[in-house]
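Everything below concerns the one structure shown next.
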Number of protein chains: 2
Amino acid sequence: MATLADVARRAGVSTATASRIINGSSKPVTEELRTRVLAAVAELRYVPNAHAQMLARSNRNAVGVLVHDVSDPYFAEITRGLQRVATAHGRLVIICNTFREPARELEYIDLLHAHQVAAIVVAGSGYLSSDAETELHERMAAFETTGGRIAVIGRHSHTSDAVLPANEEGGFLAGDHLFALGHTAVGVIAGPAALTTTADRLAGLHRAAAAHGATLTVVHADFTRDGGEAATLKLLADEPALTAVAALNDSMAVGALSAMRTCGRTLSVVGFDDMPVARDVTPALTSVRLPLTELGERAMELALTPPTGSSPRVEHIPAELIRRESTWPLSRPT
Amino acid sequence: MATLADVARRAGVSTATASRIINGSSKPVTEELRTRVLAAVAELRYVPNAHAQMLARSNRNAVGVLVHDVSDPYFAEITRGLQRVATAHGRLVIICNTFREPARELEYIDLLHAHQVAAIVVAGSGYLSSDAETELHERMAAFETTGGRIAVIGRHSHTSDAVLPANEEGGFLAGDHLFALGHTAVGVIAGPAALTTTADRLAGLHRAAAAHGATLTVVHADFTRDGGEAATLKLLADEPALTAVAALNDSMAVGALSAMRTCGRTLSVVGFDDMPVARDVTPALTSVRLPLTELGERAMELALTPPTGSSPRVEHIPAELIRRESTWPLSRPT
DNA sequence: CGGTATCAGGAAAGCGCTTACCTCAAGGTT
DNA sequence: AACCTTGAGGTAAGCGCTTTCCTGATACCG
């Protein structure tokens, strides 16, 4: 490893001068020294040690991102937005995959903290009142007291800035759509019961059901396609009278479509998130759109902007129903 | 920011002792001091400064990953494999999105170099003989001379370890399948012409065509769904006699399916990569499977294992044709 | 009881950089 | 000619940690 000292020696200058030239400091320097130093840099293939720089400057340049799973399209889209904004601000992004394990979340928060990142974005649903969730918020607070910034996406927090997708409203939209079409026996493929996202979307669905005087049959799955397929198979077997299904994300909706195909049933299906796959399945999926990329962009924007006031900022992102071909009116039997 | 010195002061010990206790060094320490220090750590919410640690220890712990685009399912799957292995080795993963810009690739290599990562995995196709490509290999070499390790996925390199998917063979598989079904007028939705992946897959297709005495009509797109759709629309208009299409990745194959739907044609379609979406579209896509997660795992394994010999290691990953419903035999017109 | 091995803990030297401060020489002022 | 600017570059003090070496106290030996 060539060091600054090597470069300086080779160019016959002090490390101070070398540093100033390399960093393009405002201090004036003779043209001759400048070329000598730059030549030495090239010859030695010198690359400054970022850790030493961090230490000396004690400024923070990277930002960390905590996501449940990058290969899940939901998070992939969000991550895309996060990266776009971070890159535009010249920030390095460190992505950490928690694999949905709360313990790993804690670990990573500390890791990012240790790496002196400028900000951390925590994306993805939290857990309904668990110890790990409490502990997480404590660590987040500890990070913030050191001057770090935190923004959460779709996670409740009363200390950090947050971007909140309209999960409850989206659930309502999905339910209202189905009920307005005349369906009364509606099944719900929900996500894990412990997640706030599941709870919120479900709440919206229940609100819609109540408004139409209908009831819902809920089964819980794990937000994956195969999980959704299995859950739908079971639901269809247990409740043969259902005429429509609401899945709490598109992956599970796709699974539901597949399940219906294998048992030869055709129920209306509404998904959630409007992921790219929604328009490519048959029938094209009616889905509640959440602008995922935008979610990521706004969160990163919040994380990189100094707090305006004292209280945390909260942005609400609306949901929108995208009607396609997987939902149709039910002609009332009576 | 609480520092080690703060902890030491509070516990009434030297920083040396505090450091040893916190890092669980082998040096023996009285139980009393240990509890005092640990208490101070907890009270002060002390998190060691990773940069200072790096500098003092000069050991490398993180690994960097360069991908074209995390939100592309192709890379998402690979990334998943990379992360799994890295995490199993206790390594922090830094994911860098190059957005397919060669300049950004160079930038990121240096950045990761500066951050003293232990290894860098470069995932994704390279460019056929461009200046940026040459420069990239030089920077990679520079990084390796400092003790860093490099592994590439699906990219040609004669200095670094590499994991190579059987792109040429996969292309052959796709072509052979179509020709064996009796198709002779076959269109190809290729990726960007400058990418080696495009060239390799195309070469396999051409080999199959030659073996069957057939010819191919090739159009280039950009590996995205919409790009594939547009290219297919054009291809169908220009060459009305085509009876089958090979797309060089599944995203474009999905686009091709959509294009065919809009102009009411039904050609056989074979995709490439066998991404999750392949089985959920209608008709379910016949595709050349590449075990993407495994690709990532093997690459990270290579990157984290000290080189065995002097020459770079190369792993070839075979491709496999998955037959579904999007391809069918053509009854020869004559 | 002097001498030595053993042990807990501290002092301090870096790791590779940045930067405030200092020095020295040349040119400008009156 | 004495004094002050100003410009160009160097000196050295950290940044927060790890780790080697050292110190002082205690225990063990004949």
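Computed from a predicted structure; not experimentally measured. Below, chains carry the letters A, B, ... as their sequence lines are ordered, and counting in each starts from 1.
Judged by closest nucleotide on DNA chain D, A:V29 is the one of A:V29 and B:A5 placed further toward the 5' end. Nearer the 5' end of DNA chain C, as judged by each residue's closest nucleotide, is the contact made by B:S14, out of B:S14 and B:A52.
Between A:T30 and D:dG9, a side-chain N or O to OP1/OP2 separation shorter than 4.0 Å is present. In this structure, B:Q53 reaches the D:dT18 phosphate: one of its side-chain N or O atoms is under 4.0 Å from OP1 or OP2. Here B:S19 does not reach the OP1 or OP2 of D:dC17: none of its side-chain N or O atoms lies under 4.0 Å away. OP1 or OP2 of D:dT18 lies within a sub-4.0 Å distance of a side-chain N or O belonging to B:N23. Look at B:T17 and you'll find a side-chain N or O under 4.0 angstrom from OP1 or OP2 of C:dG10.
Side-chain contact between A:H89 and A:E301 is present, with heavy atoms from C-beta onward closer than 4.5 Å.
In this structure, the ring of B:F75 has its center less than 6.0 angstrom from the ring center of B:H68.
There is no side-chain donor-acceptor pair under 3.5 Å between A:N23 and A:S25. A donor atom on one side chain and an acceptor atom on the other are not found under 3.5 Å apart for B:H51 and B:Q116.
Rounded to 10 degrees, the angle separating the terminal helix axes of the helix from C:dC1-D:dG30 to C:dT30-D:dA1, each built from five base pairs, is 60°.
Comparing atom distances between the B:P28 side chain and each of C:dA8, C:dT19, D:dG16 picks out C:dA8 as nearest.
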